[in-house]
Amino acid sequence: MNEKGLLIVFSGPSGVGKDTLLKRLLERYPNIRLSVSATTRSPRSGEENGKDYFFMSRERFQELLSQDKMLEHAEYCGNYYGTPSEPIENWLSEGKDVILEIEVQGGAQVLQKRPECVSIFVLPPSIEVLEKRLRSRGTEDEETIQKRLGAAKEEIAKVYQYGYAVVNDDLDEAADEIAAILRAEKRRSLRNKEQIERMLKNA
Ligand code: ADP
Ligand code: 5GP
């Protein structure tokens, strides 16, 4: 019944399992699109430009900002991250659901600009588990791990900005919960107003 897709803000501290959960979700729901962010951080090994991120210089990032081409942006642990607006608007009007995997400052900007969005925060079962996951990923040096753990508690304190909080303990359970949230959100009566009114008019 939905024509416009859902705009989904998906946040949580680094290492909590956001990428892993999204991979699961995308396998199950091919209609979902994942926004590719711009960033000034360096690529991790295996990351591809244009697929994982648009990797760019600070100058290029500032240029895109000054051209008003970002829906939101933030500085996180010394690097800039931002969401290019254009693909999102196109996908939403094609009826695709769009996920923004972004940190909490950017999340707050999207919640303010687009209050109809669905917002989900992923929590770890504990801070100890979060640290273990961050280390087990093996992609950051010690200094970066410390910075990210330092940011984690402040980020978790922002969980109440979000409509939903999902604990990523068991991966399958957390993925099922996210899928259930999205299914229920699609059935909100106001999201279906146009179609319902059309049906009444044709009666
Ligand atoms: P994020 O995208 O939030 O930074 P990742 O998806 O990269 O986090 O996950 C960080 C690490 O934790 C990875 O090594 C991943 O395999 C692992 N992980 C993710 N979810 C779980 C889970 N539910 N149980 C155990 N390990 C997990
Ligand atoms: P990472 O460097 O681990 O890929 O990402 C670090 C943090 O930046 C994560 O919390 C991630 O969700 C967030 N992030 C990624 N892209 C964006 C973006 O476009 N905007 C904002 N505000 N945060 C982002």
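Along the sequence shown, the residues carry numbers beginning at 1. All ligand and atom numbering here is 1-based and tracks the order in the structure. Because the structure is a prediction, the values reported are computed rather than measured.
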Practice item. Do me a favour and list the nearest non-hydrogen protein atom to atom 6 (O) of ligand 1 with residue, atom name and distance? Key: Thr20 OG1, 2.5 Å

Exercise for review: Indicate the atoms forming the closest heavy-atom contact of Pro13 with Val122, along with that distance.
Suggested key: CD-O, 3.4 Å

Exercise for review: Quick one: closest heavy-atom pair of Val98 and Ser35, and the distance?
Suggested key: CG1-CB, 4.4 Å

Check your understanding: What protein heavy atom sits nearest atom 20 (N) of ligand 1, and how far off is it?
Key -> Asn168 ND2, 3.1 Å

Review point. Can a non-hydrogen atom of Ala174 be found less than 4.0 Å from any atom of ligand 1?
Key: no

Point to revise | Interfacing atoms of ligand 1 (cut-off 4.0 Å, heavy-atom, Ser136) | key: 14 (O)

**Study point:** Full working for side chain to side chain contact (heavy atoms under 4.5 Å, CB included) between Ile178 and Leu21
**Key:** CA-CA 9 Å; Ile178 292 164; Leu21 282 165; 4.1 Å; yes

Revision key, fill the gap. Nearest non-hydrogen protein atom to atom 10 (C) of ligand 1, with distance, is Gly15 O, 3.5 Å

Point to revise | Residue of the set Lys186, Arg191, Arg33 for which salt bridge (charged side-chain N to carboxylate O under 4.0 Å, His left out) holds with Asp97 | key: Lys186

Check your understanding: Is there a side chain to side chain contact (heavy atoms under 4.5 Å, CB included) between His73 and Thr83 once you walk through the steps?
Key -> CA-CA 6 Å; His73 74 281; Thr83 302; over 6 Å; no

Study note, to complete from the structure: Note: Asp169, heavy atoms under 4.0 Å from ligand 1, region reported as backbone

Review point. Mind checking whether Gly12 has a heavy atom under 4.0 Å from ligand 1?
Key: no

Point to revise | Partners passing side chain to side chain contact (heavy atoms under 4.5 Å, CB included) against Asp141 (at least two apart in sequence or in another chain) | key: Glu143, Thr144

Check your understanding: For the residue pair Arg58 and Tyr80, what are the closest heavy atoms and their distance?
Key -> NH1-CE1, 3.1 Å

Point to revise | Nearest heavy atoms of Tyr76 and Ala151, plus distance in Å | key: CE1-CB, 4.2 Å

Point to revise | Contact residues of ligand 2, where a non-hydrogen atom lies under 4.0 Å away | key: Lys18, Ser37, Arg41, Arg44, Tyr53, Glu72, Ala74, Tyr76, Tyr81, Gly82, Thr83, Glu101, Ile102, Glu103, Gly106, Arg148

**Study point:** For Ser14, atoms of ligand 1 separated by under 4.0 Å from a heavy atom
**Key:** 4 (O)

Check your understanding: Nearest to atom 8 (O) of ligand 1, what protein heavy atom do you find, and at what distance?
Key -> Gly17 N, 3.1 Å

Check your understanding: Would Tyr29 and Arg183 count as having a side-chain donor-acceptor pair, cut-off 3.5 Å?
Key -> yes

**Study point:** Donor on one side chain, acceptor on other, Gln105 and Gln109, under 3.5 Å
**Key:** no

Practice item. Verify the distance criterion only: is there a donor paired with an acceptor across the side chains of Thr139 and Arg137 at less than 3.5 Å? Key: yes

Practice item. Starting from atom 7 (O) of ligand 1, locate the nearest protein heavy atom and write down its residue, its atom name and how far away it is, to 0.1 Å. Key: Arg137 NH1, 2.9 Å

Point to revise | Close approach of Leu22 to ligand 1, heavy atoms, under 4.0 angstrom | key: no

Review point. Does an N or O anywhere in Asp19 fall below 3.5 Å from an N or O of ligand 1?
Key: yes

Revision key, fill the gap. For Leu171, the ligand 1 atoms with a heavy-atom partner under 4.0 Å come out as 20 (N), 23 (N)

Revision key, fill the gap. Nearest non-hydrogen protein atom to atom 17 (C) of ligand 1, with distance, is Arg133 CD, 4.1 Å

Practice item. Apply the test side chain to side chain contact (heavy atoms under 4.5 Å, CB included) to residues Val9 and Ile99: give CA-CA distance (whole Å), side-chain angles for both, the deciding distance (0.1 Å), then the verdict. Key: CA-CA 6 Å; Val9 175; Ile99 299 194; over 6 Å; no

Point to revise | Check: Lys18 N/O within less than 3.5 Å of ligand 1 N/O | key: yes

**Study point:** Ser11 and Tyr162 side chains, donor-acceptor separation under 3.5 Å
**Key:** yes

**Study point:** Lys113 and Glu72 ion-paired at < 4.0 Å
**Key:** no

Practice item. Heavy-atom contacts with Pro13 under 4.0 Å: which atoms of ligand 1 show up? List them by number with element. Key: 3 (O)

